[in-house]
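Below: the structure, in structure tokens.
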Amino acid sequence: MTLDPNPSIDATTSYKNAPTRVISAGGVDFAYRELGPQTGTPVIFLTHLAANLDNWDPRVVDGIATKHRVITFDNRGVGASSGKVPDTVEAMAHDAVTFIRAVGFDQVDLLGFSMGGMIAQVIALEQPHLVRKLILTGTGPAGGVGIDKVTRISNLDLARGLLTLRDPKTFLFFTRTANGKRSAKEFLARLKERTEHRDKAMSLTGYRAQLKAIHRWGRQEPADLSLIGQPVLVANGDHDRMVPTTNTVDLDRRLPNSQLVIYPDAGHGGIFQHHREFVATALEFLDR
């Protein structure tokens, strides 16, 4: 990966053109991109297993950035960021807080997808004053049903993808209905819209460390989510194979100030399949 030659340009209107910047903190060079207005509470995006900056759906980033400052970043050891990927969600959360403080924020909104939603929960519990609102998507609580099986499901669909010459996210993120297959194809095409200065791919060592972290999260004792008093939007598809949708419902039940959205005929990537509806709901939630 090469960094963008002119990262000081702020007139970015689309995520596919957002310059990649670097900031150093806590012994890590964090790669990040930002988009949207420079005022108001920023929305920090926390991403999924094996994902780098290029794995965010540009429709979701662009949509939120119409009204809010959006920042995506590679956590320690991921993509263009330096360091070694931690093997616990808690350590990832601590690194994320280091990054957030480094870019100069005392309060943020968090949008966490899958593993990113687990990281967001830890941040909200450990640093409550740092978080104004949370959006938790395709994720579940510590000790949630089926989360300790993510390694097996991910590796099986990785092999399935190799055998069929398809991106594993086709199977992991979407249903196998006609609608799901079409949505998967459209989503994967959107991820390729950025053609220059793309991020560095995830290493196999880093991928394994993240799998270990998620497995540990799935085996942990449940946290007291009643301590998260901030407004939370909880969303998922109705057929999530990776982090079963029952976990989304459980989060909504246990969080004292939450709003639940379940998308029909959708899987783990329900917010990408239903990106128009999700962005509208997220903007209304953030502006409330």
Side-chain angles (χ1 to χ4, degrees), residues 35-37 40-48 51 56-72 89 93 96 100 105 107-142 144 147 173 187 223-240 242-288:
L35 191 69
T41 305
V43 185
I44 308 295
F45 280 41
L46 302 163
T47 197
H48 63 85
W56 280 112
D57 189 336
R59 298 301 177 274
V60 171
V61 178
D62 290 353
I64 302 298
T66 58
K67 294 186 177 181
H68 296 268
R69 184 178 184 180
V70 170
I71 297 180
T72 65
V89 171
I100 291 168
F105 302 127
Q107 190 173 60
V108 297
D109 295 328
L110 298 176
L111 191 162
F113 171 59
S114 193
M115 184 182 73
M118 301 168 191
I119 294 170
Q121 291 173 61
V122 174
I123 295 174
L125 285 167
E126 294 188 354
Q127 303 281 340
H129 298 296
L130 183 62
V131 182
R132 186 184 73 108
K133 292 187 177 184
L134 296 105
I135 300 177
L136 304 177
T137 68
T139 193
I147 294 177
F173 282 16
F187 168 71
D224 184 359
L225 298 182
S226 69
L227 297 176
I228 299 179
Q230 298 93 329
V232 185
L233 174 63
V234 187
N236 203 354
D238 61 354
H239 286 85
D240 188 339
M242 291 194 74
V243 183
T245 307
T246 52
N247 290 292
T248 306
V249 176
D250 187 38
L251 281 173
D252 177 62
R253 179 182 62 82
R254 293 165 59 189
L255 290 162
N257 191 10
S258 64
Q259 171 186 344
L260 176 66
V261 178
I262 302 293
Y263 296 105
D265 187 20
H268 190 59
I271 66 166
F272 308 133
Q273 180 169 333
H274 293 267
H275 58 87
R276 294 180 186 85
E277 298 95 324
F278 171 69
V279 166
T281 301
L283 287 176
E284 190 277 331
F285 169 77
L286 292 171
D287 293 339
R288 191 181 305 156

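Between the CG atom of L136 and the CZ atom of F113 there is a distance of 12.5 Å, given to the nearest 0.5 Å. To the nearest 0.5 Å, the span separating CD1 on I262 from CG on N236 amounts to 5.5 Å. For the atom pair D109 CG and L130 CG, the distance stands at 10.5 Å (nearest 0.5 Å). D57 CG to H275 NE2: the interatomic distance, rounded to the nearest 0.5 Å, is 6.0 Å. Interatomic distance, L110 CG to I44 CD1, rounded to the nearest 0.5 Å: 7.0 Å. With rounding to the nearest 0.5 Å, the separation of CD in E277 from OH in Y263 is 6.5 Å.
Proximity of a side-chain donor or acceptor of T137 to a complementary backbone N or O of G112 within less than 3.5 Å is detected. Between the side chain of K133 and the main chain of R288, a donor-acceptor pair closer than 3.5 Å is present. At least one donor-acceptor pair under 3.5 Å links the side chain of Q230 to the backbone N or O of P128. For the pair R59 (side chain) and V279 (backbone), a donor-acceptor distance under 3.5 Å is absent.
Residues Q127 and I100 have side chains not in contact (no heavy-atom distance under 4.5 Å, counting atoms from C-beta outward). You'll find the side chain of L286 stays beyond 4.5 Å of the side chain of K67, heavy atoms only. Between V261 and H274 the shortest side-chain heavy-atom distance does not fall below 4.5 Å. Contact check for F173 versus Q273: no side-chain heavy atoms found under the 4.5 Å cut-off. For the pair L111/V70, no side-chain contact is recorded, criterion being any heavy-atom separation below 4.5 Å from C-beta on. Between V243 and H268 the shortest side-chain heavy-atom distance falls below 4.5 Å. Side chains of T66 and L283 form a contact here, defined as non-hydrogen atoms less than 4.5 Å apart. Between T248 and L260, some side-chain heavy-atom pair lies under the 4.5 Å cut-off.
Summarising the geometry of P264 relative to D238, their closest heavy-atom pair is CA-OD2, 3.5 Å, with the distance given to 0.1 Å. The two residues L233 and F285 come nearest to each other via the heavy atoms N-CZ, 3.5 Å. Residues A235 and I271 come closest through the heavy atom pair CB-CG2, 4.3 Å. The shortest non-hydrogen separation linking I228 to L255 is CB-CD2, 3.9 Å. Across every non-hydrogen atom of N247 and G140, the tightest pair is CB-CA, 3.8 Å. Smallest separation of non-hydrogen atoms from T245 and H239: OG1-N, 3.7 Å.
F272 and F187 have parallel rings, their planes meeting at less than 30° on a 0 to 90° scale where 60° marks the start of perpendicular.
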From CA spacing to verdict: side chain to side chain contact (heavy atoms under 4.5 Å, CB included), T47, T72: CA-CA 8 Å; T47 197; T72 65; over 6 Å; no

